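Since the structure comes first, as C-alpha cells, the remarks are kept for the end.
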Amino acid sequence: MKGKNNQLYHFFTTELMNWNEYDNNREMPWKFEKDPYKIWLSEIILQQTRVEQGLAYYNRFILKYPTVTKLAKADESTVFKLWEGLGYYSRCRNLLATAKIIAENHDGVFPSNYEDIVKLKGIGPYTAAAISSFAFNLPYAVVDGNVTRILARFFGIETPIDTGQGKKAFSSLADTLLDSKYPAKFNQAIMDFGATICKPKSPFCATCPLAKNCFSFKNEMTSFLPVKSKKIVKKERWFYYLLVQYKNYVLIRKRDEKDIWRDLHEFVLIESTKKESIKKIINSTGAKFFSQKAMMVKPCNTLFKQQLTHQVINASFIEIKLIEKLPLTGYFWVHKKEIKNWAFPKLTNDFLKENNF
DNA sequence: AAAACGGGGCC
DNA sequence: GGCCCAGTTTT
C-alpha cells in the first residue's frame, strides 16, 4: 500500500516538474525573482487576490519603494493611498509594520529562514513558505487555494480544506510531494498548474498530464472537489453618509474600530441595520445637529451597493451645506481638493467620481 | 475551530 | 447570486 502511494507521489511530482518545463507561459514580474523584499511584497498583494488585480499595485509599490528600507520610512497615509482599492487593508497595515521591524531589528536585511520569516506580521504559513522557497530555495511547500484544489482532486481527498485537520493534511501531503532539490521550481509549477490547468471551474482535464492517475478525473469528481465546510452568512447594512460641507470644506474621519475598512476614511456616517427613508435620516438625532444649521440638504438619488465576503453594504449620500463651520467629535475638516489625498473605500470613490465631488 | 476581513471576475 | 482568488488575524 505504501509502495503504491510512493509511486503515485513520484508520478505527481515528476509530471508536474516536467509540465513546468514546456507548458507554462504565465508571465509575472516577480517570477524567478530572488529579492526577498519583492517576493514578500508580491505575496502579500496576492493574498486572496488575482494576479491581474494585483499586478498594477505591485508595479507601483516597487517603483515608489524599491527596497524594504524605503518602505519602512514611508508615511502610513501614503502607503494606504497606494493600497486603496485592493481590499483586505490589514495587509497594508501589517506590510508597513513588518517593513519597520526589518529596518529596525534586522538592519534592513530580510530574515533568511522560515522560523524568523513566519513570525513577521501578515506572514502566515503560505507566505513564509513562498518566501523561503523562492528567495532562499528552502524546502517548504506552499499550500494555497491552487494546491489544495489540485491535491484534493488528484488524490480524491474529501477532508474539507478550510478546517484545521484539512490544512494539516494538505500541508503534510504537499511537503511529501515537494521536489526538495528544486523547491522554488516545484512551488511555482504547482501554483501555475492550478491557475491554468486544474482551474476551479472547467479544468482542462483533456490535456492534463496528471489526468491518467487523477482520482477526480477517473471518477468524475472534479466538480465536487475540493470540499469546503463553511457556509458564508451575509448580513446587510445601510450606510447613510452626510457630506457635511462648509464653503469648500467637508467633514471626514478615519475609521478606527474593528470593522470593515479600518484605517480608511469616510464622511459623517449614520448607520442602520435596515433601509431607512432619507427624511428619517435627515431628522435623526445624528443629522439634526447639522440640518438645523444648513442652507441646503440634498439627497443623492443613486444607491451604492458593495458586495463584501460577509456582508452587503448599501450606501446613500446626502449633501449638507452649512452656514457655519461646526465641529464633530472624531471628524475633521478637509478641503475638497485634498480629499484625493486620503484613502477611501471603493464605494465612496465611486460616489465621488460620479458626482465630480 | 470559527468568524472576519475587500474587491473583482466568472458562470 | 454564489464561488473563488499566490491567506492571515482575531475571537
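Just so you know, these numbers come straight off a predicted model, no measurement behind them. Chain letters run A, B, ... following the sequence lines, proteins first and then strands; every chain starts at 1. Computed from heavy atoms alone, side chains included, the values below leave out hydrogens, waters and symmetry copies.
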**Q.** Gln47(A) or Arg149(A), whichever maps to the more 5' nucleotide of DNA chain C
**A.**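 Of the two residues, Arg149(A) wins.
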Q. So which one's nearest nucleotide on DNA chain C is more toward 5', Thr148(A) or Gly122(A)?
A. Thr148(A)
Look at [X] and [N] and indicate whether a side-chain polar atom (N or O) is within less than 4.0 Å of OP1 or OP2.
{"X": "Lys121(A)", "N": "dT9(C)", "value": "no"}
{"X": "Trp261(A)", "N": "dG7(B)", "value": "yes"}
{"X": "Gln48(A)", "N": "dC5(C)", "value": "no"}
{"X": "Lys201(A)", "N": "dG2(C)", "value": "no"}
{"X": "Arg91(A)", "N": "dT9(C)", "value": "no"}
{"X": "Thr49(A)", "N": "dG8(B)", "value": "no"}
{"X": "Gln311(A)", "N": "dC5(B)", "value": "yes"}

If we count only N and O atoms by modelled type, under 3.5 Å, do the side chains of [X] and [Y] hold a donor and an acceptor together?
{"X": "Glu43(A)", "Y": "Tyr126(A)", "value": "yes"}
{"X": "Gln47(A)", "Y": "Thr127(A)", "value": "yes"}
{"X": "Asn349(A)", "Y": "Glu84(A)", "value": "yes"}

Tell me the interatomic distance from [X], atom [atom1], to [N], atom [atom2], rounded to whole angstroms.
{"X": "Asp350(A)", "N": "dG6(B)", "atom1": "CG", "atom2": "C1'", "answer": "13 Å"}
{"X": "Trp83(A)", "N": "dC5(B)", "atom1": "CH2", "atom2": "C1'", "answer": "13 Å"}
{"X": "Asn349(A)", "N": "dG7(B)", "atom1": "CG", "atom2": "P", "answer": "9 Å"}
{"X": "Ile232(A)", "N": "dA4(B)", "atom1": "CD1", "atom2": "P", "answer": "10 Å"}
{"X": "Asn146(A)", "N": "dG7(C)", "atom1": "CG", "atom2": "P", "answer": "7 Å"}
{"X": "Lys38(A)", "N": "dA6(C)", "atom1": "NZ", "atom2": "C1'", "answer": "19 Å"}
{"X": "Asp162(A)", "N": "dC5(B)", "atom1": "CG", "atom2": "C1'", "answer": "16 Å"}
{"X": "Lys168(A)", "N": "dA1(B)", "atom1": "NZ", "atom2": "C1'", "answer": "14 Å"}

Checking contacts here: which listed nucleotide ([options]) is nearest the side-chain heavy atoms of [X]?
{"X": "Thr127(A)", "options": "dG7(C), dA6(C), dC5(C)", "answer": "dG7(C)"}
{"X": "Arg50(A)", "options": "dG7(B), dC4(C), dA6(C)", "answer": "dC4(C)"}
{"X": "Tyr88(A)", "options": "dA2(B), dC5(B), dG7(B)", "answer": "dC5(B)"}
{"X": "Gln306(A)", "options": "dA6(C), dT9(C), dG7(B)", "answer": "dG7(B)"}
{"X": "Pro200(A)", "options": "dA6(C), dC5(C), dT8(C)", "answer": "dC5(C)"}
{"X": "Tyr89(A)", "options": "dA6(C), dG7(B), dT11(C)", "answer": "dG7(B)"}

Looking at every strand, decide which applies to [X] at a 4.0 Å heavy-atom threshold: base, sugar-phosphate, or nothing.
{"X": "Thr309(A)", "answer": "base"}
{"X": "Asp259(A)", "answer": "sugar-phosphate"}
{"X": "Ile123(A)", "answer": "sugar-phosphate"}
{"X": "Gly85(A)", "answer": "sugar-phosphate"}

Could you measure between the two [atom1] atoms, the one in [N] and the one in [M], and give it in whole Å?
{"N": "dC5(C)", "M": "dA1(B)", "atom1": "C1'", "value": "23 Å"}
{"N": "dC11(B)", "M": "dA6(C)", "atom1": "P", "value": "15 Å"}
{"N": "dG8(B)", "M": "dT9(C)", "atom1": "P", "value": "24 Å"}
{"N": "dC4(C)", "M": "dG6(B)", "atom1": "C1'", "value": "13 Å"}

**Q.** Polar side-chain atom of Asn187(A) near backbone of Ala141(A) as donor-acceptor pair, under 3.5 Å
**A.**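 No, because the side chain of Asn187(A) does not come within donor-acceptor range (under 3.5 Å) of the backbone of Ala141(A).
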Find out whether the Lys NZ or Arg CZ of [X] is both under 6.0 angstrom from the six-membered ring centre of [Y] and within 45° of the ring's axis.
{"X": "Lys199(A)", "Y": "Phe204(A)", "result": "yes"}
{"X": "Arg91(A)", "Y": "Tyr88(A)", "result": "no"}
{"X": "Lys325(A)", "Y": "Tyr249(A)", "result": "yes"}

Q | Any N/O donor-acceptor pair, Arg26(A) side-chain to dA6(C) base, under 3.5 Å | A |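 Yes, the side chain and the base share a sub-3.5 Å donor-acceptor pair.
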Q: Could you pick out which residue, Ser229(A) or Ile260(A), lies toward the 5' side of DNA chain B when each is mapped onto its nearest nucleotide?
A: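 So the residue in question is Ser229(A).
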